[in-house]
Number of protein chains: 2
Amino acid sequence: MQPEISDQILYSFLIGGSCASSTTTTTTRSSFYPFAMEDTSSQDKALATTLRKHREGERMRRERINSSLNKLRNLLSCNPKTDKATLLAKVVQRVNELKQQTLEISNENVPSETDEISVLNFENCSNDDGRIIFKLSFCCEDRPDLMQDLVETLKSLQMETLYAYMTTIGGRTRNDLVVVGNKEQHSVESVKLLQNAFESLLERSNQSVMMGHGGGRERSKRRRPLDHIKRV
Amino acid sequence: MQPEISDQILYSFLIGGSCASSTTTTTTRSSFYPFAMEDTSSQDKALATTLRKHREGERMRRERINSSLNKLRNLLSCNPKTDKATLLAKVVQRVNELKQQTLEISNENVPSETDEISVLNFENCSNDDGRIIFKLSFCCEDRPDLMQDLVETLKSLQMETLYAYMTTIGGRTRNDLVVVGNKEQHSVESVKLLQNAFESLLERSNQSVMMGHGGGRERSKRRRPLDHIKRV
DNA sequence: CGAAACACGTGAGGC
DNA sequence: TGCCTCACGTGTTTC
């Protein structure tokens, strides 16, 4: 876009043609014209090449930056003409969102070392389709028939599983479930039902674990030093 | 940092002091000095304020951009002195990573409309601790005893579940499992074992579904228009 | 016309 | 010293 100024003009300008930068310049200059070569020493030439390198380096730098900016425009799939400031603001927002998402996912599914239950209903999920949705999370000692137990518990409560994220590490398991019930049979109060049902489920887990090998079913082969931790 | 040049000098320079930009300038200028006030008309003053606004606007723009850049420096938790180019390159990389991560997670867990099985072993997970790890994914019609069936199948194969991500939507379910087996009993060949075992598991699923209400267990109450789709 | 965005070349400063 | 990065003010374009 901008017309390229030749180096000749450039360094002549620097040496002789200083205007705003030099306040001592007088009007009585014998030669102001750029191509008056008698004034140009080797020093001036060196300065000129320095400036040229500087200029080119700066251009490369701008290219690198703008290259990344364009990539970001594509990644956020926004208008190619989006200006830098708004683009970067959007990038900040997006990175924040993505960071939080992955954090939630990766942290949520790590089994805790103590037994826990959490039940809540999704008030905001009020699409009025006659269903009521609950989120259920619990951590406990793992056992082979836990899944079966879980399914039967929900069946007895007349509830269905929508999503289940289950993680088992070293004998302990964390389960995050989204379950639905009919509104004819369930209300917000069913939170307590779920709570009670899964408390007894965890209770059964503990008993089965505490009975040891001789009693009920055999324990998981892999043990990690968690058995000594108190139950809540 | 940079010394602020007064508007006076500035617009005088613009009008009278044109050097490199104007090629028609002659040496015979009566007044070249910036502070020759006799030349300053109201037009010049207007031009000066225009320039001042322009300058300030540009400063604001830079501030907005650099503000976002600093936020990104914090978000990526990298050195506050990281230069713009490398910072932006890192941002591109990070956004790509995060995008792919969340995409994998959110897309992987949507049940497909056709029955599918995929088994592979993690060659790269060779920590030589006597265990061999497999990743197992399958989609099929949902049924109440699926989980129990799954657990029993793995038990018969002498394998344990490390992670399980299960999603059920409208009667169809997708299960992604990471299972481990002992290296004394299992090798890479066990991929086929798993494949066969879960093919028959899916086969049982189809039979139980096709038997309808009269036969086996009752079907899920929520139905979506998928039953007519051919099985593979 | 003004407001806003961009690329440019330059001076300053860090290593 | 030279190389690199930044902030700055400007000329230009677009709406």
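To find a chain, count down the sequence lines: A is the first, B the second, and so on, and within it residues start at 1.
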Pick the closest DNA chain C nucleotide for B:Lys53 and for B:Lys81 by heavy atoms, then say which residue is nearer the 5' end.
B:Lys53

For B:Arg73 and D:dT5, what is the distance between atoms CZ and C1' respectively, to the nearest whole Å?
11 Å

Once you round it to whole Å, what is the distance between P of C:dA7 and CD of A:Glu63?
11 Å

Using the side-chain heavy atoms of B:His54, tell me which of these nucleotides is nearest: C:dG9, D:dG9, C:dC6.
C:dC6

Expressed as a whole number of angstroms, how long is the span from A:Glu56:CD to D:dC3:P?
12 Å

Side-chain contact check for A:Asp83: nearest option of D:dA7, C:dC6, C:dG11 is C:dC6

To the nearest angstrom, the CG-P distance between B:Leu69 and D:dT5 comes to 14 Å

Check the distance between D:dG2's P and A:Leu51's CG and give it to me in whole angstrom.
13 Å

Distance check: side-chain N/O of B:Arg64 vs OP1/OP2 of C:dA4, anything under 4.0 Å?
no

Output the rounded distance in Å from CZ (A:Arg52) to C1' (D:dC3).
15 Å

Report yes if at least one side-chain N or O of B:Arg61 is closer than 4.0 Å to OP1 or OP2 of C:dA4; otherwise report no.
no

Could you check how far CE of B:Met60 sits from P of D:dC8, rounded to whole Å?
12 Å

How many whole angstroms separate atom CD1 of B:Ile65 from atom P of C:dA4?
14 Å

Among C:dG11, D:dT5, C:dA7, which nucleotide has an atom closest to any side-chain atom of A:Arg62?
C:dA7

Under 4.0 Å between a side-chain N/O of A:Arg59 and OP1 or OP2 of C:dA7, yes or no?
no

Aromatic ring pairing B:Phe134/B:His186, orientation class (parallel under 30°, perpendicular over 60°, tilted between)
perpendicular

Winner on side-chain proximity to A:Arg55, out of D:dG9, C:dG9, D:dC6, is C:dG9

Options D:dA7, D:dT5, C:dC6, nucleotide nearest the side-chain atoms of A:Lys84:
C:dC6

Enter the distance from B:Asp83:CG to B:Arg73:CZ here, rounded to the nearest 0.5 Å.
8.0 Å

Considering only heavy atoms from C-beta outward, does the side chain of A:Leu136 approach that of A:Leu120 to under 4.5 Å?
no

Look up atom CD in B:Gln93 and atom OG in A:Ser68, then write down how far apart they are to the nearest 0.5 Å.
10.5 Å

Would you say that B:Thr49 contacts B:Arg52 through its side chain, given a criterion of any heavy-atom pair below 4.5 Å between the two side chains?
yes

Counting side-chain heavy atoms from CB outward, which of D:dA7, D:dT5, D:dT10 is closest to B:Glu58?
D:dT10

